[in-house]
Protein chains: 2
Amino acid sequence: MGRVTIRDVAERAGVSTATVSRALSGARPVSPSVLETVTRAADDLGYSGNGIASALRRSRTDTVGMVVPSIANPFFTALVEGVEHALQQAGRQLFLCSSRSDPDLEAQRLRSLVARQVDGIVISPVHGIRSREALAWATGQLPLVQVDRYVAGVDSDWVGVDDDLALRLVVDHLADSGVTSAAFISSTLTNSSTELRVAGFTEHTARRGIAVRDVLLGEYSIAWGREAMQRLVAAGPLPDAVVCADDLIALGVLQACAAAGVAVPADVLVTGFDDIPYAALSDPPLTTVRQPQDDIAEEAVRLLSAALGPHRAPPARSALAPSLVVRASTGVSASG
Amino acid sequence: MGRVTIRDVAERAGVSTATVSRALSGARPVSPSVLETVTRAADDLGYSGNGIASALRRSRTDTVGMVVPSIANPFFTALVEGVEHALQQAGRQLFLCSSRSDPDLEAQRLRSLVARQVDGIVISPVHGIRSREALAWATGQLPLVQVDRYVAGVDSDWVGVDDDLALRLVVDHLADSGVTSAAFISSTLTNSSTELRVAGFTEHTARRGIAVRDVLLGEYSIAWGREAMQRLVAAGPLPDAVVCADDLIALGVLQACAAAGVAVPADVLVTGFDDIPYAALSDPPLTTVRQPQDDIAEEAVRLLSAALGPHRAPPARSALAPSLVVRASTGVSASG
DNA sequence: CACGCCTTGGCAATCGATTACACGGATGGT
DNA sequence: ACCATCCGTGTAATCGATTGCCAAGGCGTG
């Protein structure tokens with residue numbers, strides 16, 4: 001098994017371990033002949049180095065940790081892909097963890113990442129309050145960037161979407177389509193984006209004179225969207241529109257509508273949030289808010305790289321602008 | 001920053017580092033009073049240990065690496081979640097990498113994981129031939145389990161689905177529905193599952209007397225499914241059924257059908273493979289093959305744990321049985 | 001009372017790579 | 001011809017935790 005060490009290489013090449021290290025890492029120049037000898041010896045032996053030992057000595061791992069509430073949610077997988085891509089170009093690896101929307105598990109993941117000496121952390125925190133302690137602790141240990149959601153009172157960078165603007169786009173679009181009453185389906189989680197979306201919904205519906213019929217809170221899942229819509233259907237006359245805090249919920253809503261014989265958009269308009277790939281494939285295709293995921297990911301990595309540098313900058317918050325993608329769920333029925 | 005070491009704790013508690021290590025890890029008993037003192041000192045200082053140093057000394061990281069072709073594909077995310085869950089119960093962490101369906105990137109990931117001294121690797125290899133070298137090398141370094149797909153000639157465990165049985169289920173269902181001609185849309189990748197699915201399609205259509213009209217190869221994506229279906233539509237009379245090698249392709253096919261005014265299932269039947277969550281939400285809902293992902297994940301972790309133990313067992317191959325989920329894309333139209 | 005076992009804690013080696021420091025030889029300038 | 005550099009290389013300390021070995025003290029037994 002992989003037990004060939006730098007010492008073995010040094011012996012075979014007839015040089016010291018220091019020279020081998022320098023030859024292979026290029027930290028300092030070695031003579032061409034020695035370089036050749038060492039490289040060949042390493043190849044012959046199948047030397048692959050011991051990243052652990054290297055990390056211990058250099059006290060950096062060239063690895064950043066990422067913690068997301070769910071890797072099954074396509075929004076987060078897109079974010080993860082973006083971050084991984086951006087990191088790769090900086091020569092770093094990504095260590096991915098899922099907190100399963102559980103603050104305790106999240107705290108455990110953070111401890112684990114810190115113990116493993118990752119160079120920095122990108123996290124989308126689960127809960128506005130119950131995530132705070134672990135997050136504040138981790139922020140004291142190493143550079144940390146929050147993405148999408150943020151926990152107030154933690155002294156770290158954040159990059160995400162402008163939720164207020166997003167709901168302004170949605171509500172204006174609905175109002176312009178003649179909607180006069182609406183329900184909102186979201187999650188019980190109290191975190192920044194969830195709360196800002198409710199707040200934005202409330203504010204902008206008020207501004208446009210749309211009556212708020214219901215605000216149903218559950219979780220970010222297809223199942224919850226389905227259940228919430230079933231409740232709305234059972235409760236009596238439907239609002240003109242159902243606004244969902246993410247696309248998974250909206251997909252569940254559409255499914256429940258189909259099952260209950262409610263026509264979308266004829267009987268009710270439905271909107272989502274995130275523009276996951278499946279939002280365009282539903283029946284009907286979903287009007288939703290597109291998040292600039294790649295930009296968010298890139299910016300997060302940029303901020304993290306900056307924080308890994310020498311000087312400490314004050315925490316940055318950047319809210320990127322979303323855009324509205326109008327599809328059949330709020331327009332004329334294309335599938336008829 | 002996190003620079004409190006075991007030495008600091010030892011000093012504050014007035015004992016040796018050896019005692020601190022033993023007190024905190026429980027490797028050997030310490031007296032109750034010392035345990036108390038040490039625990040308090042560690043808490044006071046916020047000591048969190050240095051996993052890197054520990055890993056170097058113990059030469060294990062309690063971490064396993066996982067490499068998948070894509071984390072955007074819901075099938076793999078489900079697999080990843082299953083593996084993570086199973087590992088967590090064994091007290092291990094998951095280090096997740098994406099190979100982006102690129103054998104070179106895959107090789108790089110494998111090298112990186114080996115250098116980081118993960119205890120074992122779970123991988124769904126990209127390519128039946130171009131993945132072999134890196135996989136064989138890694139298998140020589142540490143325990144490795146292949147999932148879903150496998151590369152022949154690598155001496156490792158494998159767990160996946162019975163692809164032949166899966167296509168038997170699909171083709172029998174289609175034949176029983178009166179289909180007499182069919183096309184197959186898959187990926188150009190030459191790996192076990194891709195090839196076994198084509199082989200199964202060919203074999204079972206022949207057995208049931210279904211004419212094979214086309215076999216289109218591209219990649220596992222919605223975009224390719226869409227494009228392939230456009231080609232079929234443009235090429236002339238459609239076959240009775242279109243069988244897809246995964247659900248993403250099938251979703252793309254459905255989208256292309258909708259765009260081209262081809263009615264599913266009235267004009268053509270469509271089937272997928274994997275039963276991702278979005279397969280039930282498409283228009284129409286997709287008939288597909290359900291993979292026992294959780295069982296695959298659990299079995300993979302079980303095999304890995306076994307391989308981490310003392311004795312070497314011969315490589316195991318286990319093909320788990322899939323099941324057919326029949327929905328509207330091959331049945332009577334429910335959405336009308 | 002004497003002897004040996006068992007428990008508990010410390011000393012120091014160890015894991016494998018990196019790097020500060022030192023040294024010898026070659027080079028170039030005056 | 002002599003001295004100052006500079007380049008390439010080796011020696012050994014270092015990163016932080018774990019653990020083999022040993023010693024001291026407590027206890028029970030003959």
Side-chain angles (χ1 to χ4, degrees), chain A residues 1-39 41-42 45-63 111-112 114-119 141-142, chain B residues 1-39 41-42 45-63 111-112 114-119 141-142:
Chain A
M1 309 289 268
R3 38 178 43 104
V4 33
T5 74
I6 200 173
R7 188 157 280 135
D8 302 322
V9 178
E11 229 160 77
R12 177 177 250 255
V15 297
S16 72
T17 61
T19 301
V20 173
S21 173
R22 295 197 269 249
L24 296 179
S25 74
R28 268 177 45 182
V30 296
S31 73
S33 68
V34 168
L35 177 58
E36 158 72 18
T37 317
V38 169
T39 310
L45 296 174
Y47 175 67
S48 61
N50 184 326
I52 295 291
S54 168
L56 176 60
R57 179 62 227 250
R58 302 190 307 144
S59 56
R60 31 179 308 194
T61 50
D62 292 325
T63 297
R111 277 196 300 274
S112 168
V114 169
R116 271 161 223 278
Q117 309 274 108
V118 295
D119 295 341
Q141 306 288 116
L142 39 65
Chain B
M1 309 289 268
R3 39 178 41 103
V4 34
T5 74
I6 201 174
R7 190 158 277 134
D8 302 323
V9 177
E11 228 160 76
R12 177 177 248 257
V15 297
S16 73
T17 61
T19 302
V20 173
S21 174
R22 295 198 267 249
L24 295 180
S25 75
R28 258 180 46 183
V30 295
S31 72
S33 68
V34 169
L35 177 58
E36 157 73 18
T37 317
V38 169
T39 311
L45 295 174
Y47 175 67
S48 61
N50 184 325
I52 296 291
S54 169
L56 175 60
R57 180 60 227 253
R58 301 190 306 145
S59 57
R60 30 180 305 197
T61 51
D62 292 324
T63 297
R111 278 196 301 274
S112 168
V114 169
R116 277 175 171 59
Q117 308 274 108
V118 296
D119 295 340
Q141 305 287 116
L142 38 65

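Reminder, nothing fancy here: chain letters follow the sequence lines and each chain counts from 1.
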K.L.:
Distance check: side-chain N/O of Tyr47(A) vs OP1/OP2 of dA17(C), anything under 4.0 Å?
P.N.:
yes
K.L.:
Starting the side chain at C-beta, find the nucleotide from dG16(C), dA17(D), dG9(C) nearest to Val30(B).
P.N.:
dG9(C)
K.L.:
Between Leu45(A) (CG) and dG16(C) (C1'), how many Å, whole number?
P.N.:
15 Å
K.L.:
Please determine whether side-chain hydrogen bond (donor to acceptor under 3.5 Å, both in side chains) holds for the pair Thr37(A) and Arg12(A), giving the CA-CA distance in whole Å, both sets of side-chain angles, and the decisive distance to 0.1 Å.
P.N.:
CA-CA 9 Å; Thr37(A) 317; Arg12(A) 177 177 250 255; over 6 Å; no
K.L.:
Without swapping roles, check the side chain of Ser54(B) against the backbone of Asn50(B) for a donor-acceptor pair under 3.5 Å.
P.N.:
no
K.L.:
CD1 of Ile52(A) versus C1' of dC15(D): gap in Å, rounded?
P.N.:
13 Å
K.L.:
Under 4.0 Å, heavy atoms only, any strand: does Gly49(B) hit a base, just the sugar-phosphate, or nothing?
P.N.:
sugar-phosphate
K.L.:
Check whether the side chain of Arg22(B) and the base of dG10(C) form a donor-acceptor pair under 3.5 Å.
P.N.:
yes
K.L.:
Can you find a pair of side-chain heavy atoms, one from Thr63(A) and one from Arg116(B), that are under 4.5 Å apart?
P.N.:
yes
K.L.:
Could you state the atom-to-atom distance from CZ of Arg57(B) to P of dG16(C) in whole Å?
P.N.:
10 Å
K.L.:
Could a donor-acceptor pair under 3.5 angstrom be found where the side chain of Arg28(B) meets the base of dG9(C)?
P.N.:
yes
K.L.:
Without decimals, in angstroms, what is the distance between Arg58(A) CZ and dT14(D) P?
P.N.:
20 Å
K.L.:
Looking for any heavy atom pair under 4.0 Å, which part of the strands does Thr19(B) touch: base, sugar-phosphate only, or nothing?
P.N.:
sugar-phosphate
K.L.:
May I ask you to verify if any side-chain N or O of Ser16(A) is less than 4.0 angstrom from the OP1 or OP2 atom of dT9(D)?
P.N.:
no
K.L.:
Does a nitrogen or oxygen in the side chain of Thr5(B) sit under 4.0 Å from OP1 or OP2 of dG16(D)?
P.N.:
no
K.L.:
Distance check needed: dC15(C) P versus Arg116(B) CZ, whole Å only.
P.N.:
23 Å
K.L.:
Select one nucleotide: of dT18(D), dT8(C), dA17(C), the one nearest the side-chain heavy atoms of Pro29(B).
P.N.:
dT8(C)
K.L.:
How about Arg22(A) and Pro29(A): do any of their side-chain heavy atoms sit closer than 4.5 Å?
P.N.:
no
K.L.:
May I have the distance from Leu24(B) (atom CG) to dG16(D) (atom C1'), rounded to whole angstrom?
P.N.:
14 Å
K.L.:
Starting at the 5' end of DNA chain D and moving along, which residue's nearest nucleotide shows up first, Gly14(A) or Arg7(B)?
P.N.:
Gly14(A)
K.L.:
Could you state the CZ-P distance from Arg60(A) to dT18(C), rounded to the nearest angstrom?
P.N.:
12 Å
K.L.:
Looking only at heavy atoms, what is the nearest atom pair of Arg3(B) and Asp8(B), with distance?
P.N.:
O-OD2, 3.6 Å
K.L.:
When all nucleic acid strands are considered with a 4.0 Å heavy-atom cut-off, which category describes Val34(B): base, sugar-phosphate, or nothing?
P.N.:
sugar-phosphate
K.L.:
Would you tell me if any nitrogen or oxygen in the side chain of Ser54(A) comes within less than 4.0 Å of OP1 or OP2 on dA17(C)?
P.N.:
no
K.L.:
Among dA17(C), dA17(D), dC21(C), which is the nearest nucleotide to the side chain of Asn50(B)?
P.N.:
dA17(D)
K.L.:
So Val20(A), base contact, sugar-phosphate only, or nothing? Heavy-atom distance under 4.0 Å.
P.N.:
nothing
K.L.:
Report the residue (Leu56(B) or Ser31(B)) whose heavy-atom-nearest nucleotide on DNA chain C is the more 5′ of the two.
P.N.:
Ser31(B)
K.L.:
Do you know the tightest heavy-atom contact between Val20(A) and Ala10(A)?
P.N.:
CG2-CA, 3.5 Å
